[in-house]
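Reading through the structure tokens given below for one structure.
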Amino acid sequence: MAYKPALGTTEIAEMVGISQQAASKRLSRLEEERLVESDKIGNARAWWLTDYGRRYLDSSENDPSNQ
């Protein structure tokens with residue numbers, strides 16, 4: 001299994017400036033869309049981009065309508 005860079009829900013919430021609860025809800029929706037995956041580690045949940053999520057980001061960064 002390859003190393004997957006992961007962040008906790010609280011870290012992600014702080015990075016984007018929203019509450020932990022809001023981050024958790026949004027991340028759950030992104031997981032349903034298969035853009036991210038998660039795993040419970042101790043009392044925390046770790047999140048990382050899927051290959052599909054990386055391709056999605058790459059394609060939207062190259063889309064001139066998003067600029």
Checklist line | Single-linkage hydrophobic cluster Leu27~Ile41, side-chain heavy atoms < 4.5 angstrom | finding: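 Leu27 and Ile41: separate clusters.
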Margin query: Could you report the tightest heavy-atom contact between Ser19 and Ala13, atom names first, then the distance?
Written below: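 Ser19 and Ala13 have their closest heavy atoms at O-CB, 3.6 Å.
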Checklist line | Minimum-distance pair of heavy atoms, taken over all atoms of Leu49 and Leu35 | finding: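 Heavy-atom minimum between the residues: CD2-O, 3.5 Å.
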Notebook entry, point to check: Can you tell me how far the CD atom of Gln20 sits from the OG1 atom of Thr10, to the nearest 0.5 Å?
Noted result: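 Spacing of CD (Gln20) from OG1 (Thr10) equals 5.0 Å.
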Check: How far does CZ of Arg26 sit from CD1 of Ile18, to the nearest 0.5 angstrom?
Finding: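 Interatomic distance, Arg26 CZ to Ile18 CD1, rounded to 0.5 Å: 9.0 Å.
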Can you check whether [Y]'s main-chain N or O pairs, donor with acceptor, with [X]'s side chain at less than 3.5 Å?
X: Ser28; Y: Ser24; result: yes
X: Glu11; Y: Gly8; result: yes
X: Thr50; Y: Glu37; result: no

Note to self: So if I apply the side-chain contact (heavy atoms from CB on, under 4.5 Å) rule between Trp47 and each of Leu30, Asp39, Ile12, which one comes out positive?
What the structure shows: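 Among Leu30, Asp39, Ile12, the one meeting side-chain contact (heavy atoms from CB on, under 4.5 Å) with Trp47 is Ile12.
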Margin query: Please tell me whether Arg45 and Ser38 have a donor and an acceptor in their side chains that are separated by less than 3.5 angstrom.
Written below: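 Yes, because at least one side-chain N or O of Arg45 sits under 3.5 Å from a partner of the opposite role on Ser38.
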